[in-house]
Amino acid sequence: MNIAIGADHAGFTLKESVKNLLLSLGHHVDDFGTDSAERSVDYPDIAIPVAEAVASGTYDRGILLCGTGIGMSIAANKVKGAYTALCHGVFEAQASRKHNNANILALGGRILGEEIACQIVTAWLSTSFEGERHLRRTRSIQHYERRNTPEHPVPGVETGRFIVVDHPLIQHKVAIIRDKRTSVKEFRELVQEIAGLMVYETTRDLPLEETCVETPLERTVVKTLSGKKLAVVPVLRAGLGMVDGILRLVPNAKVGHIGLYRDPETLEPVEYYCKLPGDIQERDIYILDPMLATGGSASAAIDLVKRKGARKISLVCLIAAPEGVAKVRERHPEVDIFTAALDKHLNDHGYIVPGLGDAGDRLFGTK
Ligand code: RB5
């Protein structure tokens, strides 16, 4: 295995012993420091580079040591994709692999003797993740990380925002539309309501200008929208279900339409209809598609409006899969993505899980 190891001054001595063990077991080891027990170093300065190197996949595992192991585990676990287990015995070390799929081991140099530390490390490295019920739990942690950790910006490219609009009212309504027993009528109404509630977030940055009004008491300065032009562009057909909810709040927005179907041979989205406002380059464009699944049609819709001259584009969906978010991010990194929920994954048929099924069929009662 490729192993990254690091320690502060209080973990240095034990690190040297663990390193020798790893080399004797035939592992490749890179030492991220420190190189002395005398000179004080701050554990986050070691923990974070090791955790980032493991989380990025450069190393299979990491081992971190400080006086107690506590500071190292706290700091390393701030890194998305780092799952650090602080262990004092062989049982914990094995469980941290079997149940938690820990990819970093934290040890306390002032707590453990060399012999037990080596037993812990040996057991930890030779124990596999058991998956099954534990997978649900580790995925749940990853789900939380994806929702709450901002993406690293790509140098030189403006990075759009990825926002899960998870206001309690929205979560409540999303819960109802997920339920397969929800009627077409109720589903349709709720989709419009959720899309409307999301407008508060999607339009948060609209520019304002100051003006004056006479209240019944005095003249005062107020702020009004500075006349920014908007357009909503539903992707047919499911995107239509979101339009009215948005127009209720921004009644002057223009509406464009994009129709795409999936070529049965290439599986690529193909345009069959596109009618956009003539002044699209002057408008903030909100592409509407309730389900961001593979990201194929969303990316194609964004391509299309870009080709027609659109400059400021956001994608608004209700439920997104990580695969779809990643695809849109990769193809259109500058586009803001808003969703009411970020789900776990796509199944083999390209449906979002847990999702809500086919949004078009549920909106129009066509199943
Ligand atoms: C350093 O004295 C000590 O605080 C550090 O090694 C570690 O135990 C922190 O968690």
Side-chain angles (χ1 to χ4, degrees), residues 1-25 27-127 129 134 137-138 140-142 144-146 148-150 152:
M1 275 188 211
N2 265 343
I3 299 175
I5 195 166
D8 71 356
H9 54 285
F12 169 78
T13 308
L14 192 58
K15 170 172 68 87
E16 296 305 297
S17 307
V18 169
K19 205 163 70 182
N20 289 336
L21 168 76
L22 296 173
L23 294 171
S24 73
L25 291 172
H27 296 292
H28 171 87
V29 185
D30 280 331
D31 189 343
F32 282 57
T34 185
D35 55 6
S36 146
E38 317 309 326
R39 213 165 347 97
S40 172
V41 291
D42 297 335
Y43 57 81
D45 296 342
I46 305 286
I48 290 171
V50 167
E52 285 184 335
V54 174
S56 70
T58 309
Y59 294 89
D60 304 308
R61 303 277 182 84
I63 299 181
L64 288 167
L65 307 96
C66 61
T68 58
I70 295 171
M72 285 294 190
S73 58
I74 291 173
N77 279 332
K78 293 290 172 203
V79 173
K80 179 180 174 186
Y83 309 108
T84 310
L86 169 59
C87 295
H88 306 91
V90 168
F91 178 80
E92 283 168 296
Q94 287 169 329
S96 81
R97 290 288 313 133
K98 285 192 219 169
H99 296 192
N100 315 110
N101 203 15
N103 53 8
I104 299 177
L105 174 67
L107 300 171
R110 289 178 178 155
I111 293 178
L112 302 171
E114 184 182 328
E115 194 182 332
I116 179 68
C118 290
Q119 286 168 8
I120 292 170
V121 170
T122 308
W124 187 71
L125 290 174
S126 57
T127 307
F129 181 47
H134 307 296
R137 296 156 187 167
T138 53
S140 174
I141 298 170
Q142 289 162 350
Y144 174 84
E145 285 179 321
R146 279 195 296 266
N148 293 286
T149 318
H152 284 298

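Atoms within a ligand are numbered from 1 in the order they appear, just like the ligands themselves. We count residues from 1, following the sequence as given.
- Annotation: atom 10 (O) of ligand 1 to nearest protein heavy atom, G71 N, 2.7 Å.
- When each of L25, L112, L21, L22 is checked for a side chain to side chain contact (heavy atoms under 4.5 Å, CB included) with C118, only L21 meets the rule.
- In this structure, atom 4 (O) of ligand 1 is not in close contact with the protein, since no protein heavy atom lies within 4.0 Å of it.
- Below 4.0 Å from some heavy atom of G67 lie the following atoms of ligand 1, by number and element: 5 (C), 6 (O), 7 (C), 8 (O).
- Looking at R61, its side chain never comes within 3.5 Å of a backbone N or O of I104 through a donor-acceptor pair.
- Contact record, V54 with A4: CG2-CB, 4.5 Å, taken as the closest heavy-atom pair.
- The closest side-chain heavy-atom distance from R110 to T68 is not below 4.5 Å.
- Within the structure, ligand 1 lacks M72 among the residues with a heavy atom less than 4.0 angstrom away.
- Counting heavy atoms under 4.0 Å from ligand 1, residue C66 touches it through both backbone and side chain.
- A donor-acceptor pair shorter than 3.5 Å cannot be found between the side chains of T34 and D8.
- Nearest protein heavy-atom contact of atom 2 (O) of ligand 1 is R110 NH1, 3.3 Å.
- Among all non-hydrogen protein atoms, the one lying nearest atom 6 (O) of ligand 1 is D8 OD2, 2.5 Å.
- Y59 and D30 share a donor-acceptor pair across their side chains, judged by distance under 3.5 Å alone.
- In this structure, the protein non-hydrogen atom closest to atom 1 (C) of ligand 1 is H9 NE2, 3.7 Å.
- Minimum interatomic distance between M72 and I46 (heavy atoms only, all atoms of both residues): CE-CB, 3.8 Å.
- Regarding atom 8 (O) of ligand 1, its nearest protein heavy-atom neighbour is T68 N, 2.9 Å.
- Applying the 4.0 Å criterion to heavy atoms of A10 picks out, from ligand 1, the atoms 6 (O).
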